[in-house]
Amino acid sequence: VLGFSAELASAAKTKTGLSINADAEMTLAKGISEEASLLMKASDELDEALKEIPSSTYDAARYAADRIIPTMDKVRAFSDKLETITDKRSWPFPTYSDILFYV
């Protein structure tokens, strides 16, 4: 994701230097960078939540339901959005369509 964003920024810089409109590249690079930052923040939040799992089974289950799963959902939402806007060549994981329509 960060590599693709850097490619877009480089393309925007090149186009701008040639007096070619690069609004699409700049907008997409900015959006990807913002989403990536939010993904990293949510990932850090998940890492912290995983360090705080209570020792009792019941408390751990409640904690997972109340804190870990919602945080995982945030991470997934950012990742899913980035999957849809990142060039497939730059996405190192199988996409949903790869999995669903694998032949």
Q.
Using a 3.5 Å distance criterion without hydrogens, assess whether the side chain of T86 forms a donor-acceptor pair with backbone atoms of E83.
A. no

Q | Residue pair A60 / P54: nearest heavy atoms and the distance that separates them | A | CB-O, 3.5 Å

Q. Could you walk me through whether I53 and I68 pass the side-chain contact (heavy atoms from CB on, under 4.5 Å) check?
A. CA-CA 9 Å; I53 297 174; I68 293 176; 3.7 Å; yes

Q. Nearest 0.5 Å, what's the OG1-CZ distance between T71 and R76?
A. 15.0 Å

Q) For the side chain of S37 and the backbone of S33, is there at least one donor-acceptor N/O pair under 3.5 Å apart? A) yes

Q. Can you check whether E7 reaches F4 side chain to side chain, under 4.5 Å on heavy atoms?
A. yes

(Q) Around atom CE of M26, are there more than 12 heavy atoms from other residues, nucleotides or ligands closer than 6.0 Å? (A) yes

Q.
How long is the straight-line distance from CG of L18 back to OG1 of T14, given to the nearest 0.5 Å?
A. 7.0 Å

Q: List the atom of S5, the atom of A29, and the distance in Å for their closest heavy-atom pair.
A: OG-O, 3.4 Å

Q | K13/E25 ion pair, N-O < 4.0 Å | A | no

Q) What is the minimum heavy-atom distance between V75 and L39, and which atoms define it? A) O-CD1, 3.5 Å

Q. Minimum heavy-atom separation for I32 to L82, with atom names?
A. O-CD2, 3.9 Å

Q) To the nearest 0.5 Å, what is the distance between CE (M40) and CZ (F78)? A) 12.5 Å

Q) To the nearest 0.5 Å, what is the distance between CD (E45) and CE (M72)? A) 13.0 Å

Q.
Under a 3.5 Å distance rule, please check whether Y63 uses its side chain to pair with a backbone N or O of A49 as donor and acceptor.
A. yes

Q. Between K15 and N21, what is the shortest heavy-atom contact and its length?
A. CD-O, 3.9 Å

Q: Let me see the working for R67 and E52 under side-chain contact (heavy atoms from CB on, under 4.5 Å), right down to the final yes or no.
A: CA-CA 10 Å; R67 175 110 189 266; E52 300 171 9; 2.9 Å; yes

Q: Grab the two heavy atoms, one from A65 and one from P70, that are nearest each other, plus how far apart they are.
A: O-CD, 3.4 Å

**Q.** Single hit among V1, D98, I85, T84 for side-chain contact (heavy atoms from CB on, under 4.5 Å) with W91
**A.** V1

